[in-house]
Novice: 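Before I ask anything, here is the structure I am working with.
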There are 2 protein chains.
Amino acid sequence: MTHQPSEHTGAPPGYDPRAFPPFAVTVDLAVLTVRAARLHVLLVRRGEAPHRGAWALPGGFVRPDESAGAAARRELAEETGLSGSTVRHLHLEQLRTYSEPDRDPRMRVVSVAYAALLPDLPEPRGGGDAAHARWTPREDAAPLAFDHERILADAHERVSAKLEYTCLATGFCPAEFTLGELRQVYETVWGVPLDPPNFRRKVLATPGFVEAVEGPPRRTGGRGKPAALYRAGPASALHPPLLRPEGRRP
Amino acid sequence: MTHQPSEHTGAPPGYDPRAFPPFAVTVDLAVLTVRAARLHVLLVRRGEAPHRGAWALPGGFVRPDESAGAAARRELAEETGLSGSTVRHLHLEQLRTYSEPDRDPRMRVVSVAYAALLPDLPEPRGGGDAAHARWTPREDAAPLAFDHERILADAHERVSAKLEYTCLATGFCPAEFTLGELRQVYETVWGVPLDPPNFRRKVLATPGFVEAVEGPPRRTGGRGKPAALYRAGPASALHPPLLRPEGRRP
DNA sequence: TCCTTAATAGTCATCCTGACTATAAAAGGG
DNA sequence: CCCTTTTATAGTCAGGATGACTATTAAGGA
């Protein structure tokens, strides 16, 4: 990137280097969490045209002195009210960039989309007036403004895929969690039930995925035998991967 | 996205919707091919400051009326002289967007990077004055202008990963190819030798990956027993994946 | 003709996974 | 207090997939 306009770039001859085509650059965030065994996404209600009153993914303009990733973290902090330290450390994944010329009816805007995973469910308290932010079940997130349904679908697919070969799932969990909760994350994001013994075997057989927490098997909450607690381990990748059960042969 | 500047986006209060921060948007292309059992990348020599005279990835400004993907295809056609039809059909993969504020010393430029795979080795004949385009062995592609070494590294990693779970490798091959040539693609991109019988077994066991070509086992070229010919099949994904031999346990 | 090279056919043991069965430890209802 | 329900956890078992090898076939070159 950052090319000089010149003949071979396709710019018109005699093109002035400073007279580049002007674009606005924004970020859009697909912030996901697992809540009550359902995948939720953070949505805001638009207060401005176009799509005034419609639900949309949070986002905003990239400022002149920050990268798109920095803008995404700033917007995330503003929308959720999470502490700077929390936002600074959580996983932000750049999805892709959407640049169709007609994405925005007012002007040429390209948007860099990010996906973020949040542990539990801190009700969003927008930094300023953002009581307009709400957790919405993923399947209820329609219609959305602009091409945000597409972005959300891409985010969902990317997260589903990354669960297969990374330890990302622990990002959906609190600091200490049970294997049942971790399994719930997979089942919720993938939308399929998993066999508890097999899931347990696989997770425990992957070095560095999770670490046992010493204490008693406290923290039941519901019925059933109390489960042991684990925390996220140092590993970041899964070898071999934990594949979605899709190629099922009966 | 395409957001209206407003208080909750982080824009200054009273911000005028049209006075968005101005950015230039470019595309950069990591065009890869396998040539003489080595991975090559298409580089151009810069004729303008900054980095005048340095090698760089081909690319250029996105025009006001085209998407980044369309700009990438246009630039690719201009740099390689490939036919419009060829360029229109080959696989272009959006990598990610690079937006560090200091990427370009002259102005604020964000660049959408793409990776492309080309079959054999059509010596690049730039559309206009682009005799400045050259195939360069991937490991010789340094130093490069701007952050292009980083982009190239990201492209290499992305392609390596996609070879594992997609049929992308056939994109490096001509219309008809031998399993040895296909294996060569994997070995070259991954930089590791693969066991020929095992590779063959895996490829043939994946439905739709390749289809046998009827004719005689023509097209030898070198020594050894002549190999049967295949063409790309209809499948696009590999289930289960063909994983890189990295987690080797001795 | 002998040697080298590369494709292709098989073998074998191991690892991983999906499908199940069984046991343990809680909560809740009668 | 006993019984049922629920969830966690321990094992078992067969089949598929893979890595490591051996063997055979069919060219080219010296």
Side-chain angles (χ1 to χ4, degrees), chain A residues 36-37 163-165 173 176-188 190 192-207 209-210 212-213 215-230 237-250, chain B residues 36-37 163-165 173 176-188 190 192-207 209-210 212-213 215-230 237-250:
Chain A
L163 287 191
E164 289 187 325
Y165 56 95
C173 296
E176 298 190 345
F177 51 87
T178 68
L179 292 187
E181 290 167 339
L182 186 63
R183 178 168 44 82
Q184 183 73 253
V185 168
Y186 278 88
E187 293 179 329
T188 301
W190 287 348
V192 296
L194 297 178
D195 182 70
N198 289 343
F199 179 82
R200 174 191 190 77
R201 184 220 295 160
K202 174 68 180 177
V203 169
L204 294 182
T206 302
F209 193 177
V210 299
V213 171
R218 182 187 47 79
R219 184 153 178 262
T220 308
R223 295 158 285 239
K225 178 176 175 178
L229 287 178
Y230 295 85
L238 257 51
H239 282 295
L242 176 48
L243 297 175
R244 280 173 274 190
E246 67 167 317
R248 285 247 181 88
R249 302 98 176 167
Chain B
L163 288 191
E164 290 187 324
Y165 56 95
C173 296
E176 297 189 345
F177 51 87
T178 68
L179 292 187
E181 290 167 338
L182 186 63
R183 179 167 44 82
Q184 183 73 252
V185 169
Y186 278 89
E187 294 179 329
T188 301
W190 287 349
V192 296
L194 298 178
D195 181 70
N198 289 343
F199 180 82
R200 174 188 190 78
R201 184 219 295 158
K202 173 69 182 176
V203 170
L204 295 181
T206 302
F209 192 177
V210 298
V213 171
R218 178 187 53 77
R219 186 151 175 266
T220 309
R223 294 158 288 236
K225 178 176 176 178
L229 286 179
Y230 296 85
L238 259 50
H239 283 293
L242 176 48
L243 297 175
R244 281 173 274 191
E246 66 168 317
R248 287 248 181 87
R249 301 97 178 168

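Order of the sequence lines fixes the chain letters, A, B, ..., with proteins taken first and strands second; residue numbering starts at 1 for each chain.
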Novice: Which parts of residues 197-205 of chain B get close to DNA chain D, meaning a heavy atom less than 4.0 angstrom away?
Specialist: B/P197, B/N198, B/R201, B/K202

Novice: Given atom CG of B/D195 and atom P of D/dA23, what is their separation to the nearest angstrom?
Specialist: 15 Å

Novice: Can you name the residues that form a side chain to side chain donor-acceptor pair (under 3.5 Å) with A/N198, not counting sequence neighbours?
Specialist: A/D195, A/R201

Novice: Any idea which heavy atoms bring A/L238 and A/E164 closest together, and the distance?
Specialist: CD2-O, 3.7 Å

Novice: Taking only residues two or more places apart in sequence or in another chain, which ones pass side chain to side chain contact (heavy atoms under 4.5 Å, CB included) with A/V203?
Specialist: A/L179, A/L182, A/F199, A/F209, A/V210

Novice: Please report the shortest heavy-atom distance between A/A37 and A/Q184, naming the atom on each side.
Specialist: CB-OE1, 3.5 Å

Novice: Which whole-number value in Å describes the distance from A/L194 CG to C/dC16 C1'?
Specialist: 16 Å

Novice: To check you understand the geometry: which heavy-atom pair defines the closest contact between A/C173 and A/F177, and what is its length?
Specialist: CB-CD2, 3.7 Å

Novice: Enter the inter-axis angle for the ends of the helix from C/dT1-D/dA30 to C/dG30-D/dC1 (five pairs per end, rounded to 10°).
Specialist: 0°

Novice: Please write out the pairs of protein N or O atoms and N or O atoms of nucleotides 5-7 of chain D separated by less than 3.5 Å, giving the distance to one decimal.
Specialist:
{"residue": "D/dT7", "atom": "O2", "partner": "A/K225", "partner atom": "N", "Å": "3.2"}

Novice: Report the distance from atom CG of B/L163 to atom CZ of B/R244, rounding to the nearest 0.5 Å.
Specialist: 8.5 Å

Novice: Given atom CD of B/Q184 and atom C1' of C/dA7, what is their separation to the nearest angstrom?
Specialist: 14 Å

Novice: Looking at every heavy atom in both B/P241 and B/K202, which two are closest together, and how far apart are they?
Specialist: O-NZ, 3.6 Å

Novice: To the nearest Å, give me how far apart CZ (A/R244) and P (C/dT17) are.
Specialist: 16 Å

Novice: Taking all atoms of both residues into account, what is the closest heavy-atom pair of A/L194 and A/E187, and its distance?
Specialist: N-OE2, 2.8 Å

Novice: The criterion is salt bridge (Lys or Arg N to Asp or Glu O under 4.0 Å); which residues satisfy it with B/R200, sequence neighbours excluded?
Specialist: none

Novice: To check you understand the geometry: which heavy-atom pair defines the closest contact between B/E181 and B/E176, and what is its length?
Specialist: OE1-O, 4.3 Å

